[in-house]
Amino acid sequence: MKFFTFIFFLPLFLTTNAFAQKPKPKPAPGLVVTYRNPVIAGDFADPSVIRVGDTYYAAGTSSEWGPAYPIYSSKNLVDWEYIGPVFAELPEWTMGSYWAPELYFRNGTFYCYYTARRKSDKQSFIGVASTKDLTKGFKDHGVIIEWTKEAIDAFVVEDNGKLFITWKAYGLDKDRGIEILGAELAPDGLKVIGKEFGLIKAELTGWESGGAEGQSIFKRGNYWYMLYSGNACCGANCDYQVGFARAENLQGPWTKYAGNPALFGDDSWKCPGHGTVVVTPDNRYFYLHHAYNGVDFTFSGRQGVLSELVWDEVTKWPSFRYGKTTPAQAEAPVAIGAVINHNFSINYNKDTLKAPWVYDVSFPKPSYNVQNGALEIENTTRTNTGNFLGLTVKKGNYTFTSEVHSKKDLSQNIIVYGDARNAVGYGVRDNQISLWQVKDGVYEVIKTQEIPDKYKDIKLSLQSRYGRFYEFRWDVKGQKIDSLTSSVQIETPWLPRWDRAPRVGVNVTGNGSGKSEIRAVQMKYD
């Protein structure tokens with residue numbers, strides 16, 4: 001880690017226009033409308049997408065964050081609005097690894113087939129939940145696929161009126177490696193009733209040597225088609241890629257495309273894969289999948305990107321319209337609506353707006369409330385990283401600010417949080433400002449500064465560059481105290497976890513009981 005101190009002032013511009021959308025100008029007649037990736041910014045891996053009527057819905061991996069599995073809606077596959085999680089309260093049987101939710105809609109009911117780690121044995125299996133109204137969350141029905149060492153990445157299709165579930169299976173027996181399997185489901189979609197059958201096996205060499213997973217299956221003409229992903233999905237050494245396969249019958253035999261891999265990474269979007277194909281009303285095929293931004297990389301996570309498929313009507317094989325890499329800019333599915341503004345500002349003394357907070361599922365859900373003109377987080381875990389409320393970072397360049405009223409026995413912090421054992425915090429307690437870190441579980445104070453006792457209402461800020469370089473500072477709202485202020489810049493290449501990007505947010509720590517007194521928070525992207 002590198003750090004140094006210097007004088008630097010970051011002005012704070014508060015606005016109550018949180019989560020605003022700005023109308024886009026209408027294109028001239030005949031003009032091709034384009035979009036730029038990502039279409040769902042920030043850490044949103046393994047996206048599943050469905051179209052119900054004129055609306056698209058997408059859900060993604062939340063990994064070790066609760067609430068589990070964020071859901072977005074869109075009218076055009078480009079402008080997405082967060083509508084809530086699949087699970088506001090985590091399913092009782094689970095303990096983490098909230099991966100690869102797959103949405104399915106049938107007869108007025110939404111289903112979510114999801115991967116999670118089971119408390120009893122810490123193995124990952126597939127559960128199922130359902131709802132009539134996505135905005136009200138899902139009812140969990142428990143485990144539906146339990147398979148030897150592990151079963152993940154469910155995908156459901158209907159064939160001749162029957163439902164089938166497919167999944168990635170490990171450890172079939174000593175002579176078989178990783179396969180994508182399938183089995184028939186009951187008509188209500190809540191249990192398996194058929195014997196498993198194989199679809200494809202992962203090759204032991206080449207681009208599939210890390211396994212085959214993240215399948216998306218659909219029918220076009222006489223063929224069933226599958227997009228699937230291979231190699232390492234995540235982290236700085238990822239090499240994820242996408243291939244095609246097809247079959248005349250769902251149960252096979254399946255033939256892999258000779259030109260695989262069909263999609264791989266470049267300097268703009270790295271390690272693409274694990275998504276879902278959806279068809280627009282005008283019969284265009286789009287693959288909503290994830291990839292790492294080439295600049296922010298693991299620090300902003302695997303983001304939701306959109307790639308279009310086109311068809312060779314002679315060979316009947318698809319290809320990606322813009323070549324074998326994720327397009328930076330492409331022709332939009334339909335007219336684009338509002339520009340999503342990810343900036344927000346909340347003054348708890350007058351605003352009732354709610355931030356989309358997430359929390360670390362390795363701890364109990366933080367106890368917090370908004371009252372007395374402040375965000376009050378109760379100090380319950382007595383750890384440096386507990387009680388953390390975080391935000392999913394949409395891109396690497398941003399400024400996050402929190403205004404707090406100093407407390408004698410509690411430290412109130414702004415934090416960049418990888419996990420409970422890897423975080424950087426900057427907080428105020430009584431008349432002292434401290435910059436600290438937890439790296440591989442070891443807590444260390446990097447810098448402290450005494451401040452005059454008369455200053456109680458403190459503004460804590462951090463400025464991020466590429467999600468990797470952070471500059472922390474403090475000041476007092478409405479007062480010029482340049483002779484007292486200082487800022488610290490540090491680099492934190494160790495914060496991203498293998499399968500997820502850091503979050504930024506607030507917490508309260510200390511040995512005693514009590515609550516934070518956070519008067520305002522603001523997130524502003526550059």
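We number each residue from 1, following the sequence as shown. It should be emphasised that the depicted structure is a prediction, and the values quoted were computed from it without experimental measurement.
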**Euclidean distance, Cys112 SG relative to Ile71 CD1, rounded to 0.5 Å** = 7.0 Å
**Message:** Can a side-chain donor-acceptor contact be found between Gln215 and Thr166 if the only test is distance below 3.5 angstrom?
**Reply:** yes
**Message:** Does Phe320 form a side chain to side chain contact (heavy atoms under 4.5 Å, CB included) with Thr325? I'd like the steps, not just the answer.
**Reply:** CA-CA 8 Å; Phe320 285 99; Thr325 58; over 6 Å; no
**Request:** Please step through ring pair (Phe, Tyr, Trp, His ring centres under 6.0 Å) for the pair Phe388 and Phe363, ending with a clear verdict.
**Result:** CA-CA 9 Å; Phe388 173 72; Phe363 293 101; 9.8 Å; no
**Chi angles and distances behind the side chain to side chain contact (heavy atoms under 4.5 Å, CB included) call for Val295, Tyr466** = CA-CA 7 Å; Val295 176; Tyr466 313 114; 3.5 Å; yes
**Request:** Using only heavy-atom distances, determine whether the side chains of Tyr228 and Glu208 contain a donor-acceptor pair under 3.5 Å.
**Result:** yes
**Asked** Does any donor atom in the side chain of Asp140 or Tyr114 lie under 3.5 Å from an acceptor atom in the other side chain?
**Response** yes
**Request:** Just jot down the ring pair (Phe, Tyr, Trp, His ring centres under 6.0 Å) partners of Trp65, sequence neighbours excluded, or say none.
**Result:** Tyr417
**Message:** Walk me through whether Asn507 and Asn387 qualify under side chain to side chain donor-acceptor pair (under 3.5 Å).
**Reply:** CA-CA 6 Å; Asn507 87 333; Asn387 305 309; over 6 Å; no
**Message:** Can you see whether Thr131 engages Lys139 through a side-chain donor-acceptor pair at a distance of less than 3.5 angstrom?
**Reply:** no
**Message:** Is there a disulfide bond (SG atoms under 2.5 Å apart) between Cys238 and Cys271? Walk through the geometry before answering.
**Reply:** CA-CA 6 Å; Cys238 65; Cys271 306; 2.0 Å; yes
**Prompt:** Thinking salt bridges, do Lys365 and Glu89 make one under a 4.0 Å N-O criterion?
**Reply:** yes
**Request:** Measure from the side-chain N and O atoms of Thr385 to the backbone N and O of Ala420, and report whether any donor-acceptor pair falls under 3.5 Å.
**Result:** yes
**Asked** So, Asn76 side chain and Val334 main chain: donor-acceptor pair closer than 3.5 Å or not?
**Response** no
**Prompt:** Once you round to the nearest 0.5 Å, how far does OH of Tyr287 lie from OG1 of Thr326?
**Reply:** 9.5 Å
**Message:** Side chains of Asn107 and Thr109: any donor to acceptor distance under 3.5 Å?
**Reply:** no
**Request:** Determine the minimum heavy-atom distance between Gln303 and Ala41, stating which atoms define it.
**Result:** OE1-CA, 3.5 Å
**Message:** Tell me whether the NZ or CZ atom of Lys270 lies within the 45° cone about the ring axis of Phe297 and under 6.0 Å from its centre.
**Reply:** yes
**Request:** Before accepting this row, confirm whether a basic side-chain N of the pair Glu92/Lys119 lies closer than 4.0 Å to the acidic partner's carboxylate O.
**Result:** yes
**Candidate pair Trp311 and Tyr285, rule ring pair (Phe, Tyr, Trp, His ring centres under 6.0 Å), full reasoning** = CA-CA 9 Å; Trp311 299 87; Tyr285 287 71; 5.3 Å; yes
**Item:** Any donor-acceptor N or O pair under 3.5 Å, side chains Gln123, Arg118
**Value:** no
**Test item: side-chain donor near acceptor, Thr135 and Asp133, under 3.5 Å** = yes
**Asked** Is it true that the side chains of Tyr240 and Glu213 contain a donor and an acceptor less than 3.5 Å apart?
**Response** yes
**Request:** Determine yes or no for a side-chain-to-main-chain donor-acceptor pair under 3.5 angstrom, with Asp43 supplying the side chain and Ala501 the backbone.
**Result:** yes
**Item:** Donor-acceptor pair, side chain of Asp46 and main chain of Gly60, under 3.5 angstrom
**Value:** no
**Request:** State plainly whether the residues Lys395 and Asp296 are in salt-bridge range, i.e. N to O under 4.0 Å.
**Result:** no
**Request:** Establish, for the pair Arg246 and Trp224, whether the NZ or CZ atom is under 6.0 angstrom from the six-membered ring centre and no further than 45 degrees off its axis.
**Result:** no
**Item:** salt_bridge(Asp266, Lys324) N-O dist < 4.0 Å
**Value:** no
**Asked** Under the 3.5 angstrom rule, does the side chain of Glu471 hit a backbone N or O of Ser464 as a donor-acceptor pair?
**Response** no
**Asked** With a 3.5 Å cut-off and no angle check, do the side chains of Ser63 and Asp499 form a donor-acceptor pair?
**Response** yes
**Message:** For the residue pair Glu331 / Thr34, report whether a side-chain donor-acceptor contact shorter than 3.5 Å exists.
**Reply:** no
**Request:** For residues Pro496 and Thr492, report the shortest heavy-atom separation together with the two atoms involved.
**Result:** CD-O, 4.2 Å
